Amino acid sequence: MNLEIIHKTVPRYKYVRVTERSASDAVSSDTFLYLGTADKVFDALVLNMGKGLHLRTVSEITETLTFLKEYGSYLPQAIFLDIPYEKDKFMSIRRFIENDVELKGLVLIGNVRKLSASENEDIISSHLVDEIMDFDSELAMAATRVGFLNRMKCSAAVEDSAVKIETAGSMEIGAVGIYKRTFDIIFSLTLLLILLPVMMVIAIAIKWESKGPVFYNSFRAGRGFQIFRFFKFRTMKVGADRMIQSMTHLNKYNTSNGAVFFKIKNDPRITGVGKFLRATGLDELPQLFNVLRGDMSIVGNRPLPLYEANTLTTDEWAERFAAPAGITGFWQVQEKMNAVLSSEDRIKADIHYSRSHNLKMDLQIMLRTLPFLVSEFPNQEKAKQETRNTVVSPFKTEFSI
Amino acid sequence: MRKDIMVIDGSKAIRYMLHTILKKNYKVISVPDGVSAMYYLRESAHPDLIIMDPELPDLGSWELVRHLSGSHLYASIPLLVISNQPEDETRVKAINYGVMDFFQKPFNPLHLLDSVENILVGNAMGKVY
């Protein structure tokens with residue numbers, strides 16, 4: 001309709017040809033401009049797109065668009081450029097529509113048949129058109145392609161905030177992260193210096209009881225699924241990892257959907273010194289090195305072994321990896337903790353921590369961790385008998401395999 | 001030179017995760033939806049690889065994959081898809097649209113890294129011959 005107005009109002013447009021599509025051919029009611037000389041292509045476009053104007057020169061394009069704007073009518077969705085590649089011409093069209101907010105959604109389509117390989121490269125790298133199509137064989141998809149591109153361009157043009165692009169810089173930790181890191185360094189360094197004699201004694205005890213290294217390293221996933229070596233004092237016999245498959249039936253966290261966490265009671269693989277270290281939580285002390293290195297934080301979500309972490313890389317659960325891994329954490333100190341917190345509730349608590357953690361919350365969690373450190377040690381045997389009251393020490397790893 | 005990888009996923013947590021695991025070896029930019037993805041592709045140099053969820057908040061299912069793989073401008077950019085759909089469905093569509101590799105959430109990030117490396121190396125070799 002609008003293009004017909006041009007046709008009637010500006011008769012000097014010799015080449016203007018407005019074609020009314022028949023209702024049965026309706027793919028879209030949208031309009032387009034065609035710049036070129038092939039009537040056949042224009043007809044194919046009309047069939048697919050609806051109404052169009054057949055133009056012969058670049059200046060006719062700008063005139064037509066200016067006219068349509070002044071007239072206050074609907075603007076075409078696309079310009080099909082069926083002309084040999086001339087950078088200046090393409091550039092001037094692109095500039096014209098880019099400099100005008102109202103025209104920003106207009107889609108420019110070039111004809112691959114009119115481009116040599118090098119021109120093709122150039123038109124792509126210079127971002128001169130929004131798409132290239134084969135005007136001889138692909139015009140049946142014209143409306144779909146134009147519709148998509150037009151929608152995308154219009155949404156981006158309406159408001160700048162519609163476009164969100166994140167680079168490495170914008171993904172960095174904020175102010176909370178810097179405070180946290182500073183606190184972690186001071187705290188872990190101080191504690192390591194104080195505890196160095198204790199750790200020496202433990203190291204000697206481990207060596208004395210069983211063959212193997214003092215530390216046990218496993219790979220864990222921390223913040224952003226960064227994989228790091230997680231340090232602990234060794235509490236099991238060497239080779240304990242390989243025994244896990246045969247013991248899955250003992251898993252406390254067995255669920256119908258398959259276990260997400262692995263934990264068993266009275267694990268036969270644990271050494272004598274190991275039992276003591278686990279009961280006291282002293283086996284976790286080397287994690288202070290992880291904190292110092294920046295792999296972990298004092299407070300955070302538990303660093304999961306990879307086989308467990310891999311099950312949580314979903315839209316729903318991945319947010320637990322948005323916070324740093326920590327020695328103690330939010331769910332560990334929840335007051336109404338049951339003997340066994342469901343794995344789903346733990347992840348939910350992790351996500352809550354990821355969203356809302358700050359220095360104050362961290363300090364509260366640390367304070368609430370303290371009683372566990374003292375209380376669990378003498379009551380260990382009793383706690384084991386009364387599952388109902390078993391409080392999993394925040395310093396106790398759930399995944400010590 | 002570091003290869004550019006573009007991540008398109010509606011979940012911020014997934015984008016953050018992919019950023020973290022990829023940034024060591026690649027230059028990563030990420031966007032949450034189709035509008036931002038198309039804007040970036042229109043304005044910037046083409047990435048060497050696109051890792052994307054085929055379902056984006058502002059688009060129909062696989063709509064962006066369909067557009068990119070059918071486009072003369074973008075079909076040369078390899079696509080790696082991480083979908084929420086069942087494996088059979090994902091496989092059929094991935095093959096249909098010429099996607100280089102596909103994963104399902106939850107996925108193993110180490111396997112993803114392997115795949116990314118294979119695609120980028122393979123693609124570089126393809127250009128040599």
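Protein chains get the first letters and strands the later ones, always in sequence-line order, with residue 1 at the start of each. Since this is a predicted model, take the numbers as computed values, not measurements.
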Chain A contact via B:Gln104 - side chain, backbone, both or neither, heavy atoms under 4.5 Å
neither
Answer with yes or no whether the side chains of A:Glu166 and B:Ser30 bring together a donor and an acceptor at under 3.5 Å.
yes
Best-contacting candidate, B:Leu18, B:Asp9, B:Val31, B:Asn108, against chain A by heavy atom pairs under 4.5 angstrom
B:Asn108
Does any backbone or side-chain atom of A:Ser125 lie under 4.5 Å from a heavy atom of chain B? Answer side chain, backbone, both or neither.
neither
Where is the tightest heavy-atom contact between B:Gly70 and A:Arg145, given as atom of each residue plus distance?
O-NH1, 3.3 Å
Option among A:Asp130, A:Asn120, A:Ile132 that satisfies the side-chain contact (heavy atoms from CB on, under 4.5 Å) test with B:Leu73:
A:Ile132
Using non-hydrogen atoms and a 4.5 Å limit, figure out which bit of B:Tyr39 sits close to chain A: side chain, backbone, both or neither.
side chain
Check: B:Pro106 main-chain N/O paired with A:Thr314 side-chain donor or acceptor under 3.5 Å
no
Side-chain contact test, heavy atoms from C-beta onward, threshold under 4.5 Å: evaluate it for A:Asp315 versus B:Asp53 and give yes or no.
yes
Residue pair B:Leu110 / A:Ile227, side-chain heavy-atom distance below 4.5 Å:
yes
Salt bridge or not between A:Glu319 and B:Arg15? Use side-chain N to carboxylate O under 4.0 Å.
no
Chain A contact via B:His19 - which portion, at a heavy-atom distance below 4.5 Å
side chain
Would you say the side chain of B:Pro109 lies within less than 4.5 Å of the side chain of A:Thr313, judging by non-hydrogen atoms?
yes
May I ask you to check whether over 12 heavy atoms, not counting those of A:Lys89, lie within 6.0 Å of atom NZ?
no
Check each atom of B:His111 against the heavy atoms of chain A and say whether the ones under 4.5 Å are side chain, backbone, both or neither.
neither
Could you check if a side-chain atom of B:Arg66 sits within less than 4.5 angstrom of a side-chain atom of A:Phe148, using non-hydrogen atoms only?
no
Does any backbone or side-chain atom of A:Arg223 lie under 4.5 Å from a heavy atom of chain B? Answer side chain, backbone, both or neither.
both
Between B:Glu43 and A:Arg94, is a salt bridge (Lys or Arg N to Asp or Glu O under 4.0 Å) present by the stated rule, with each step listed?
CA-CA 12 Å; B:Glu43 304 290 331; A:Arg94 162 139 192 184; 3.6 Å; yes
Structural part of B:Val35 lying under 4.5 Å from a heavy atom of chain A:
both
Return the option, out of A:Arg151, A:Gln226, A:Lys164, A:Glu138, with the maximum number of heavy-atom pairs under 4.5 Å with chain B.
A:Lys164
For the CD atom on A:Glu121, are there more than 12 heavy atoms of other groups (residues, nucleotides or ligands in this structure) within a distance under 6.0 Å?
no
Chain A shares the most heavy-atom pairs under 4.5 Å, among B:Ser71, B:Ala13, B:Ser11, with B:Ser71
Counting only heavy atoms closer than 4.5 Å, note whether B:Leu41 contacts chain A via side chain, backbone, both or neither.
backbone
Taking everything shown except A:Arg95 itself, do over 12 heavy atoms lie less than 6.0 Å from its CZ?
no
Which bit of A:Leu149 comes within less than 4.5 Å of chain B, counting heavy atoms only: side chain, backbone, both or neither?
side chain
Does a salt bridge link A:Glu131 with B:Arg42, judged by any charged N lying under 4.0 Å from a carboxylate O?
no
Can you tell if the side chain of A:Thr167 reaches within under 4.5 Å of the side chain of B:Lys27, non-hydrogen atoms only?
no
I need the residue from B:Leu22, B:Val7, B:Leu59, B:Ile82 with the largest number of non-hydrogen atom pairs under 4.5 Å to chain A.
B:Leu59
Identify which of A:Gly110, A:Ala322, A:Ala318 forms the greatest number of heavy-atom pairs closer than 4.5 Å to chain B.
A:Ala318
